Each structure stands twice: as structure tokens, then as C-alpha cells.
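Below: the structure, in C-alpha cells.
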Amino acid sequence: MFSEFALHERLLKAVAELKFVEPTPVQAAAIPLALQGRDLRVTAQTGSGKTAAFVLPILNRLIGPAKIRVSIKTLILLPTRELAQQTLKEVERFSQFTFIKSGLITGGEDFKVQAAMLRKVPDILIGTPGRMIEQLNAGNLDLKEVEVLVLDEADRMLDMGFAEDVQRLVDECTNRQQTMLFSATTGGSGLREMVAKVLNNPEHLQLNAVSQLNETTRQQIITADHNQHKEQIVNWLLANETYQKAIVFTNTRAMADRIYGRLVAQEYKAFVLHGDKDQKDRKLAIDRLKQGGVKILVATDVAARGLDVDGLDLVINFDMPRSGDEYVHRIGRTGRAGNDGLAISLICHGDWNLMSSIERYLKQSFERRTIKEVKGTYGGPKKVKASGKAVGVKKKKTDAKGDKKKVAAKTPTKRKSANRPKAEAPSLVSKDGMAPLKRRKPQEPAAE
Ligand code: AMP
């Protein structure tokens, strides 16, 4: 029960108003420690209720009588606009019975309007790193009195290339007393470095081991011969699966547009979201999806980041995400708040090893599914290694002397290249064969 936390009654009233009854595991673990002022490093997936886990303790700290605001007391950084907007909404919902004011700074919004908002000094400032830096450089932003700093989806901010910006903003918060860092995954060396630099003797709460992600979401793969075949499978799934709302992920904008075009031609209520779309389109897509006017969203990763839409219960990976972390982020769109979800990845010959790396990374085995109406000829590799990868990768040849010779990189034969559709994602696999390579630089510009 939320009433067991030492939260101000006005916050408990808001919690009750929102009909939150039981705290989620991340809330149960993080709220008491955050209320004590501890630095936290929390690994929890999107949809776990992590926003309330840091927002409620922050509000509890700030709550008090109405007074003139002279400095920003809390800074919350997130990787994308949508996520920042959603966090602002969550903060406003929880602070509805208080005098606490929040502001939002993201790309794609009017710079001067933001500067005017900053002059009024919000208690809590929420936003994305790129635009924050611009406001800082313009002399509009003073973070010296920030007491609490939150880095939400920190792993993702690093993946999107915001490490330097985030560090600069952290350095601006010279008087901070508490820092909380949230990530959906345990992250790599970049995240470890950030944790070491930014957090002070943190408590590490690991709410979801990677392998336990999305217990409520079934994860399936369907093999496909090529992209046109994948399109047929998508059509079949959208026509025959039971779902409220679906999202189809592609790795490129061009493919997202292509699939969207095909769906619209079939009179599906669909929307496309990718880095080429402006803020207005993005808002419209998300609003329509939330209101139910649109049932299907076709999106690239960056564009779909931070979506929190009720009833999203079908995720189709037209292209396999390029890393295990990205997979986790995509699948985090479904199966939220205990609802069942279904995630289906379409796997061509060229996707197989990436898929099996992701299985190993997640310590899960995806369910193999065949749909007889759209069954192709490719059904996975004939032989797989213990790692799950396809046998048949070229080996180094040994010459007569027994020395290992490098096999010169040959141009692939016509037959082989004909088998592999151009637009397929390359197999990015780490040297140790355990985890897929992490993408350092996004393929499309950050969604700001
Ligand atoms: P988040 O992981 O913070 O994005 O939260 C995911 C969704 O779960 C949001 O729509 C929240 O409003 C909702 N939520 C968070 N905590 C609870 C709770 N204790 N009970 C019911 N819903 C919740």
C-alpha cells in the first residue's frame, strides 16, 4: 500500500486519485531509499512504474507552502521528447494538490517560449540533454541550486550519443545532494563509467535481470525468405492476430514508409513515426494511437522511444533490432502493467545469428512459429552450433605447411547475394559470441 510510505498526504491523495493501489516492485524498493536521500542506481524496464518511483520522493522533498520560486531544485534528464513529455505529465498528475511547478525543455519546441518558462523558475525541470545545453549556452539556465538530479533511461542517453551533454549538465549541478540513475538494462562500460562519475555510494536496485524481462509477453520468431515475404507475414498477422494496438518496427525510415504505405493502401488505420517526422506529426501519431483512432504504428527505434500507450499488445519486429538492449526497449512497449503482450520477430537468413545472439543475451529461447498460409522455404539454418548460430561460417584454411592462411575476402557469389535481400540488417555479433554488439551511434539522428 502506498500509505505505508512516508509520503505527504497530498501526494497520497494524488496516488489515490490515479487509482494506484499497490506499489510496483521498483516503487516498493526505490521509494523508501529515495525518501532517505540515498543515491540510487536502478535497473528497471520501461513500464515498471519507475517514473513514480523517483517522482514521488522528489515531490515529497519539495512539498510546502506556496512561495516565490528562485531556483530550479530538481533536474530530470531523459533521452527523447516523448519520454520527457510523459514524465512531465506524470509529475503534474502527482503534484496536482501541491504548489510545485514543473517545466519542460526539449528539442522541437519554441526556444523563446522555453526561455520565458525558465525565467519563471520551475521547481522541477524535465527535458532532453541537447536542448538543455542550448538553453545553458544561451545563459537561460541556472542549475547551480539543483538538489536532486535524475538520469532516466541513462543507457539509452548514452546509446544516443548524449554522454558529453549529460556530463556537462551533471557538472552544472554543483550543489546536488541526491542523484538517481535509471536504466532499462545493466548497460556497458559507458554506463559503468557514468555511474562511477555521477553517483555517490549508490544503492543498486536490480529489479529485472535481463532474462526476466517481459514475463507477460510471449516472444516468437517466424522465419521469412526475404523482405517481400516479411511483408506478407505482416499482413497476415495484422489481419489474423487478436490485438488492440500493434507496432511494427523497422530499422530504416525507408522501410517504415514502405510498410506504412502498404497498410494505408489496405485501408488500415495506421501511422508512421520516424526521425524525418516533425514534432507535430509525432504528437499526432501518439495522440491518435492513444485515443484509438489509429491501431497500427510503424516506427523506427528512436522515434518510438518512450511510448507509453495502453493496449499496445502486439509488437512485430520487421527488422531484428541491432542489439539485445534495443530488443528489450522495443518489447518494453508491450505487456505493460501486467497485461499480456505478443512480440514477433521476422527472421531471414541474414537475421538468424543476430536473433540467436539476442536469445543468448536475454537467456531466453524464442518460440518458433510457422504460419501455414504464408509459409516460405527458409526455416532456419540446417545446422546450428551450440551457441545457436548457423553452422557454415567460413573457416580459416590451412596450407600445406600447416600455417593458418587468411582466406582473401571474396566477392560473394551471385547465388549467395541473390539470396540475401539488400535491405536486411547485417548480422552484428560480438566477438565472444555471447552478446550482440551495441550500437554506439544511432542510424538516424537523435529524436530531438
Ligand atoms: P513507467 O514505467 O513509469 O513508464 O510506468 C508505466 C505505467 O504504469 C504508467 O502509465 C504509470 O502511470 C503506470 N503505473 C505506475 N505505477 C503504477 C501503480 N503502482 N499502479 C498502477 N499503475 C501504475
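Order of appearance sets the numbers: ligands from 1, and atoms from 1 within every ligand. If you're wondering where the values come from, they're calculated on a predicted model, not measured in any experiment.
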Assess the pair Tyr327 and Phe366: is the distance between their ring centroids shorter than 6.0 Å?
yes

Can you list the atoms of ligand 1 that are under 4.0 Å from a heavy atom of Glu22?
18 (C), 19 (N), 20 (N)

Any heavy-atom pair between the side chains of Asp351 and Lys230 that's under 4.5 Å?
yes

Gln219 side chain to Gln364 side chain, donor-acceptor N/O pair below 3.5 angstrom:
yes

Work out whether the distance between some heavy atom of Arg93 and some atom of ligand 1 is less than 4.0 Å.
yes

Aromatic centroids of Phe318 and Phe249 separated by under 6.0 Å:
no

Per-residue contact class, Gln86 against ligand 1 - non-hydrogen pairs under 4.0 Å:
neither

Judging by distance only, is a nitrogen or oxygen of Ser48 under 3.5 angstrom from one on ligand 1?
yes

Judged on heavy-atom distance to atom 1 (P) of ligand 1, which of Ala52, Ala53, Pro23, Gly49 sits nearest?
Gly49

Determine the sole option in Val272, Val248, Thr250 for which the side chain to side chain contact (heavy atoms under 4.5 Å, CB included) test with Tyr260 is passed.
Val272

Atom 20 (N) of ligand 1: of Phe2, Phe20, Phe182, the nearest heavy atom sits on Phe20

Those atoms of ligand 1 less than 4.0 Å from some heavy atom in Thr51:
1 (P), 3 (O), 4 (O)

Measuring only between side-chain heavy atoms, which start at C-beta, is Asn60 closer than 4.5 Å to Leu35?
yes

With a cutoff of 4.0 Å, is Glu90 in contact with ligand 1, counting heavy atoms of the residue only?
yes

